[in-house]
**Student:** 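Here's a structure for you.
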Amino acid sequence: MPELPEVETVKRGLEPVLKGRKILKVETRRGNLRWAFPPGFVATLQGAKVTSLARRAKYILVGLDSGQSLLIHLGMTGRFTVLTPKGTTNLGEFYFETGAGEKADGPHDHVVFDLDDGVKLVYSDPRRFGMMDLVPADGMHKLLDELGVEPLGNELSADYLAARFKKKAAPMKAALLDQSIVAGLGNIYVCEALWRARISPKRKAGTLKHDKLEELVRHIRDVLNDAIRAGGSTLRDFQGADGEKGSYQERFQVYDHEGDPCPRGDGVIKRIVQSGRSTFYCQKCQK
DNA sequence: AGAGCTACCTGAAGGC
DNA sequence: TGCCTTCAGGTAGCTC
């Protein structure tokens, strides 16, 4: 899946396509993605005008003039494609022009939004780990309520991490993947941030000193900002909303680099499995 | 309460 | 060529 930088890239790509537009029609090609669409999903969206786009952790929030929001999670393979009518000129950089063979009829095209300017927005998701739901006008939603702090916001600090990691026996890898502590990090950027901060993914979260946590916070912010600047990473299924591939994967230092020399020393990148997921790190410089 | 595992689903890649 | 296994960015929900 897209982790935070990829979701941010998609949100930025969708903004000029959706903001200010009226949704004329919504077509759900099946009854569910990860879960069934909520009752009234289509009826609520049809006729609504989009007033805002926002991101919270790995969720995209599409604000509507009714006060409600459309909540979207891309799961592992969720993707948006923007189709414009043939002959449309003056395409913005985020548009994906309709061409021969470019139709919304693929086996994994699950949701199609028709907008009032003739654009079709297509949501595709082969594995269907993604989800869409409605958030009421008060903004309360179970999935949002349980999220921890935004890694790029002011709430993330060494003090915050020290409080949340206190007495924590879980390894750093698991602690940073826990969305109720820091929301938006995923498998790749946890590996990259720990490598940058020279912290072992196996280190017990509760054992980190304050100055090390400060370094970690800085490196988390840096790696996410670097990735956003590069337009996210493209791994198998991910593309930005403009169909352009992100380029950050070319800059991974450790992720998917098993056996390669550590970029900053004479160690070798090792792959281990932690809580069922691959971790890449350098035994020599990450302590 | 906290930590760890399974399940959800499809497709790509590698080994034989 | 084809069959089989393994792996993939996430996370809710279950066990222990």
Side-chain angles (χ1 to χ4, degrees), chain A residues 1-11 29-36 38 55-60 71-80 106-110 123-133 141-148 151 163-194 201-207 223-224 227-228 230-241 245-252 254-259 271-280:
Chain A
M1 145 191 168
E3 302 182 30
L4 187 151
E6 290 72 37
V7 177
E8 179 65 25
T9 301
V10 172
K11 179 234 148 189
R29 301 264 173 84
R30 47 181 301 131
N32 67 300
L33 294 173
R34 177 169 188 169
W35 299 301
R55 179 192 58 75
R56 171 77 173 106
K58 299 172 195 169
Y59 292 95
I60 293 170
L71 180 68
I72 302 166
H73 196 295
L74 302 173
M76 296 273 259
T77 53
R79 184 190 149 181
F80 280 103
H108 306 301
D109 294 340
H110 304 309
Y123 178 77
S124 317
D125 189 351
R127 290 176 75 180
R128 302 202 304 277
F129 288 175
M131 54 105 19
M132 290 191 194
D133 201 358
H141 193 285
K142 185 174 182 289
L143 295 173
L144 299 177
D145 292 346
E146 293 169 2
L147 293 172
R164 296 299 306 267
F165 289 171
K166 197 170 181 183
K167 293 183 189 166
K168 216 178 204 343
M172 281 303 298
K173 176 75 187 311
L176 289 180
L177 279 176
D178 185 340
Q179 302 294 299
S180 74
I181 299 176
V182 180
L185 295 175
N187 205 36
I188 294 175
Y189 295 107
V190 167
C191 290
E192 295 294 316
L194 286 172
K202 297 198 271 193
R203 179 85 174 266
K204 302 244 182 289
T207 67
V223 73
L224 294 178
I228 290 170
S233 52
T234 302
L235 284 167
R236 298 180 178 82
D237 311 287
F238 176 75
Q239 295 190 336
K245 293 175 187 300
S247 63
Y248 193 75
Q249 76 279 5
E250 294 155 18
R251 298 189 212 170
F252 292 158
V254 289
Y255 184 83
D256 208 18
H257 280 283
E258 182 181 15
R271 174 182 178 273
I272 58 171
V273 175
Q274 290 180 291
S275 32
R277 321 207 41 202
S278 289
T279 296
F280 299 88

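Each chain gets a letter, A, B and so on, in the order the sequences are listed, and its residues count up from 1.
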**Student:** Looking only at non-hydrogen atoms, find the nearest pair between A:Val223 and A:Glu192 and report the distance.
**Tutor:** CG2-CB, 3.8 Å

**Student:** Of the listed nucleotides (B:dG4, C:dA12, B:dA3), which one gets closest to any side-chain atom of A:Trp35?
**Tutor:** C:dA12

**Student:** Heavy atoms from C-beta onward define the side chain here; which of C:dC7, C:dG10, B:dA3 lies closest to that of A:Arg271?
**Tutor:** C:dC7

**Student:** Within this structure, what is the CZ-to-C1' distance between A:Arg128 and B:dG11, rounded to whole angstrom?
**Tutor:** 13 Å

**Student:** Could you give the CD-to-P distance, from A:Gln274 to C:dA8, as a whole number of Å?
**Tutor:** 13 Å

**Student:** Rounded to whole Å, please give me the gap between NE2 in A:His141 and P in C:dT11.
**Tutor:** 14 Å

**Student:** Does A:Ser275 place a side-chain N or O at less than 4.0 Å from the phosphate oxygens OP1/OP2 of B:dA3?
**Tutor:** no

**Student:** Looking at C:dT11, B:dA3, C:dA12, which one has an atom nearest to any side-chain atom of A:Arg277?
**Tutor:** C:dT11

**Student:** Would you kindly give the CG-to-P distance between A:Leu4 and C:dT11, to the nearest whole Å?
**Tutor:** 11 Å

**Student:** Applying the Watson-Crick and G-U wobble criteria at under 3.5 Å, what pairs with C:dC14? Answer none if nothing qualifies.
**Tutor:** B:dG4

**Student:** Looking for any heavy atom pair under 4.0 Å, which part of the strands does A:Leu177 touch: base, sugar-phosphate only, or nothing?
**Tutor:** nothing

**Student:** So which of A:His141, A:Lys142, A:Arg34 actually passes side-chain hydrogen bond (donor to acceptor under 3.5 Å, both in side chains) with A:Asp133?
**Tutor:** A:His141

**Student:** For C:dT11, take OP1 and OP2 only and decide whether either is under 4.0 Å from a side-chain N or O of A:Lys58.
**Tutor:** yes

**Student:** Of the listed nucleotides (C:dC7, C:dG10, B:dC9), which one gets closest to any side-chain atom of A:Arg127?
**Tutor:** B:dC9

**Student:** Heavy atoms only, 4.0 Å cut-off, all strands: where does A:Gly276 land among base, sugar-phosphate and nothing?
**Tutor:** nothing

**Student:** In whole Å, what is the span from the CD1 atom of A:Ile188 to the C1' atom of C:dA8?
**Tutor:** 10 Å

**Student:** Does the ring of A:Phe129 meet both stacking tests against the six-membered base ring of B:dC9: centre distance under 5.5 Å and plane angle under 30°?
**Tutor:** no

**Student:** Can you tell me if A:Ser278 and A:Arg271 form a side-chain donor-acceptor pair at under 3.5 Å?
**Tutor:** yes

**Student:** What heavy-atom pair brings A:Lys173 and A:Cys191 nearest, and what distance separates the two atoms?
**Tutor:** CE-SG, 4.1 Å

**Student:** How many Å lie between CG on A:Leu33 and P on C:dG10, as a whole number?
**Tutor:** 18 Å

**Student:** Separation of A:Asp256 atom CG from C:dT6 atom P, in whole Å?
**Tutor:** 18 Å

**Student:** Output yes when at least one side-chain N/O atom of A:Lys168 is less than 4.0 Å from OP1 or OP2 of B:dA1, else no.
**Tutor:** no

**Student:** Any side-chain N or O of A:His73 below 4.0 angstrom from OP1/OP2 of C:dT11?
**Tutor:** yes

**Student:** Is the shortest heavy-atom distance from the side chain of A:Tyr123 to the side chain of A:Arg29 under 4.5 Å?
**Tutor:** no

**Student:** Quick one: which of C:dA8, C:dA12, C:dT11 gets closest to the side chain of A:Met76?
**Tutor:** C:dA8

**Student:** Could you give the CG-to-C1' distance, from A:Asp109 to B:dT10, as a whole number of Å?
**Tutor:** 14 Å

**Student:** Return the minimal non-hydrogen interatomic distance between A:Arg127 and A:Met76, and the atom names on each side.
**Tutor:** NH1-CE, 3.5 Å

**Student:** Please compare A:Pro107 and A:Arg34 by the position of their nearest nucleotide in DNA chain B and report the one closer to 5'.
**Tutor:** A:Arg34

**Student:** Looking at A:His108, I'd like to know whether one of its side-chain N or O atoms comes within less than 4.0 Å of OP1 or OP2 on B:dG11.
**Tutor:** yes

**Student:** Have a look at A:Ala174 and say if it touches a base, only the backbone sugar-phosphate, or nothing, with a 4.0 Å heavy-atom cut-off.
**Tutor:** nothing

**Student:** Starting the side chain at C-beta, find the nucleotide from C:dT11, B:dA3, C:dA12 nearest to A:Ala170.
**Tutor:** B:dA3

